[in-house]
Amino acid sequence: MLEIKDLHVEVGGKEILKGINLSLKPGEVHAVMGPNGSGKSTLSYTLAGRSGYDVTGGSVLFNGKDLTDLEPNERAAAGVFLAFQYPTEVPGVTTMTFLKTALNAVRVARGEDELDAVRFLKLVREKAKALNITDDMLKRPLNVGFSGGEKKRAETLQMALLEPTFAVLDETDSGLDVDAMRVVAEGVNALRSPERSMLVITHYQRLLDHIVPDHVHILSDGKIVKSGPKELAREVEESGYADIKSDAA
Amino acid sequence: MARPSVQPLEVETGFVDGHAAATASLPGAASQGVERENAIKVFAADGLPHRRLEDYRYFDLRQMLAKAGPLALTPAAADAAASDEAANLFAKLDRYVAVVINGRLDLSKSDLVGLPEGVAFTSYADAVDADWVTAAFESSEGPQDSVAALNLAYASDGIALHVPAGVTVEKHIDERWQSAGNASTHYHARSVVVVEEGASLTLLETRGDDPSAPVFATNSLRLVVGDKATLRHAAVYADGEASVRIAQKSVTIGEAANYQTLGLAVGAGRARTGEHVHFAGESAKGAINGLSLLRGKAVMDNTLFADHAVPNCNSEETFRSVLDDASRGVFQGAILVRKDAQKIDSQMQARALLLSRKAEMDAKPMLEIYADDVICAHGSAIGEPDQNAIFYLMSRGIDEKTARALLVAGFLDDVVDGFDTGEIALALKTLLASRLGAPEETAQEVAL
């Protein structure tokens with residue numbers, strides 16, 4: 001379903017990703033771990049299509065289509081979702097208006113009908129309830145004044161509504177205490193399905209106790225230096241990234 | 001105000017020479033005539049304000065009218081041709097309607113049935129000699145510049161609204177100002193609203209012109225908010241492309257009274273609101289907001305003077321502009337805190353989003369503080385829509401154009417939300433969304 005081949009990415013003229021290869025099958029959850037500066041966030045932004053991230057080589061095939069040719073909104077319609085490490089605050093735009101605009105844009109692009117206000121409200125409330133998101137939060141401007149936990153729950157709600165087939169979770173655990181992380185992880189786990197694959201990007205192993213991956217990859221200096229089963233995450237936790245790097249060298 | 005040593009413009013001479021003939025049709029007792037005579041003399045001496053005067057630095061009225069010939073005083077009544085969406089903006093609200101055409105209150109088109117007992121709503125012409133009207137104007141601290149003089153000299157009508165002590169006007173009052181006429185015309189309106197002690201009122205105002213009408217209008221609005229009274233005033237300016245309009249507001253806020261205003265400029269013409277707010281009673285609260293959404297060659301100048309004369313007052317001034325094409329926004333805001341006005345909390349902020357390289361924002365916030373125990377802040381920021389936010393919205397499937405429109409609408413809606421959370425906000429936000437092509441918030445979402 002997702003095939004990253006020899007992906008090279010420059011930011012501001014500096015090469016950050018230096019030939020990434022990664023393959024995800026439907027339903028699989030892969031974790032990408034790596035130290036600060038290894039290129040984790042660059043990978044997630046590149047997959048979502050942020051401007052300023054220049055793909056200088058390689059390809060990202062998603063169900064046979066090259067993602068790098070698509071605008072961010074076209075990628076979303078195709079089924080790609082990025083859960084942001086730091087969700088952007090958007091003053092003046094209520095979460096509800098945003099969710100409805102996004103959902104209907106994606107539905108129309110996928111050839112489905114738009115939801116009217118009544119059907120939309122019913123759907124969003126049902127999904128919000130499962131994530132402990134109140135009506136009050138939905139009425140507030142998007143992410144403005146949300147706590148760390150609220151922001152990540154709002155990201156998870158967006159994912160639940162947009163029903164992507166491939167989701168990138170960028171440091172979803174950052175800024176969360178253990179309890180908040182559990183709520184978010186439960187929300188994410190509820191979205192695991194045989195059709196949906198996920199790329200969980202994280203610095204620490206603790207998130208992977210809650211969202212258990214099928215495969216773990218170690219990213220260092222813009223390359224995947226080691227891949228293995230879920231136990232690899234614990235190995236990193238115990239011995240640190242320095243050892244892995246020297247292994248590779 | 002010294003007059004520059006230049007030839008008077010044809011339009012200026014026209015105002016002075018035409019006054020004697022016009023004055024016969026202007027309202028009030030003989031004493032009003034004397035005041036008008038004095039006022040036109042002031043105008044004759046000073047002429048139209050120009051950019052060498054600090055107050056009009058970014059709104060050179062003399063230059064704007066330089067090519068205008070003598071203007072004709074508008075006919076007493078014209079069929080209003082205002083077709084703009086703004087004219088029917090508040091149609092869904094349960095409200096009283098006052099229709100003002102070319103500055104004259106037209107009671108035949110108005111619906112003021114059922115106003116609470118004791119509330120007086122008449123034309124300015126009918127009320128001009130009333131004691132409460134005289135008292136309201138005499139207590140005004142607003143600027144006495146040549147525009148004020150011209151307005152007084154030619155004032156033909158306007159509205160006069162008096163809410164007695166303790167009366168709450170539950171339904172909003174919607175003033176719909178329209179101008180019409182195909183000749184170069186001018187009109188000058190004076191309005192006065194007095195909300196006595198403990199009374200409460202929400203005043204809506206929409207202004208729409210016949211888009212083809214080259215109109216020059218001055219509007220003087222005197223607002224008196226009595227002790228413990230509440231006055232909310234929302235105004236939407238949808239001026240026509242050929243219009244030049246000046247509003248001068250003079251507001252006095254009494255003890256523990258609450259004044260909130262939001263001016264929303266979405267017009268195509270050149271407009272200026274000069275607002276003078278006098279915090280006269282302790283613990284008075286004032287929230288003065290101005291929003292501009294401009295394109296083409298539109299100009300909106302918000303010039304504000306907040307005078308804190310007594311302690312413990314709270315004032316917030318929030319101005320935001322979204323400027324496209326070659327439009328221009330102006331904010332000149334001054335906060336004065338007098339010597340004995342301790343414990344003032346005053347926050348002034350002016351922000352602008354420029355959507356085009358030719359758009360211009362001139363911002364000049366000022367603080368003048370003579371008390372030593374106050375919290376006052378001002379800030380100004382001019383920039384472009386946030387790229388991070390655009391990417392965030394796009395990553396959720398929203399196309400770039402809609403994402404930008406959402407962000408820009410949000411920038412303005414943010415201030416609307418601070419003014420009102422109900423049906424007024426919904427009407428204003430719907431107008432903004434339709435102007436911007438942004439998705440609209442539905443009533444169900446608001447009611448949530």
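In what follows, chains are A, B, ... by sequence order, proteins preceding strands, each numbered from 1. Since the model is a prediction, treat every value here as computed from it, not as a measurement.
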**Request:** Could you point out which residue of T402(B), L393(B), D399(B) forms a side-chain contact (heavy atoms from CB on, under 4.5 Å) with N73(A)?
**Result:** D399(B)
With rounding to the nearest 0.5 Å, note down the distance linking [atom1] in [X] to [atom2] in [Y].
| X | Y | atom1 | atom2 | result |
| --- | --- | --- | --- | --- |
| T94(A) | K429(B) | OG1 | NZ | 6.5 Å |
| F98(A) | L406(B) | CZ | CG | 9.0 Å |
| T421(B) | K139(A) | OG1 | NZ | 7.0 Å |
| L47(A) | S395(B) | CG | OG | 12.5 Å |

Using non-hydrogen atoms only, which part of [X] is less than 4.5 Å away from chain B: side chain, backbone, both, or neither?
| X | value |
| --- | --- |
| R50(A) | both |
| P87(A) | both |
| L142(A) | side chain |
| N143(A) | side chain |
| A48(A) | both |

**Message:** Could you check whether R396(B) makes a cation-pi contact with F81(A), meaning its NZ or CZ is under 6.0 Å from the centre of the six-membered ring and within 45° of the ring axis?
**Reply:** yes
Determine the minimum heavy-atom distance between [X] and [Y], stating which atoms define it.
| X | Y | answer |
| --- | --- | --- |
| G49(A) | F391(B) | C-CE1, 3.7 Å |
| A105(A) | G397(B) | CB-O, 3.3 Å |
| D386(B) | T88(A) | OD2-CG2, 4.3 Å |

Got a sec: does the [atom1] of [X] have more than 12 other heavy atoms crowding it under 6.0 Å?
| X | atom1 | answer |
| --- | --- | --- |
| R295(B) | CZ | no |
| K92(B) | NZ | no |
| K285(B) | NZ | no |
| F146(A) | CZ | yes |

**Request:** State which residues pass side chain to side chain contact (heavy atoms under 4.5 Å, CB included) with S200(B); sequence neighbours excluded, sorted by chain then number.
**Result:** T168(B), T230(B)
**Asked** Are the side chains of P91(A) and F411(B) in touch, meaning some heavy atoms are under 4.5 Å apart?
**Response** no
**Asked** Which class fits the ring pair F84(A) and Y392(B): parallel under 30°, tilted 30 to 60°, perpendicular over 60°?
**Response** perpendicular
**Fill in**
So, the part of A409(B) with a heavy atom under 4.5 Å from chain A: the answer is neither
**Asked** Top residue by heavy-atom pair count (under 4.5 Å) with chain A, among I398(B), D413(B), V416(B)?
**Response** I398(B)
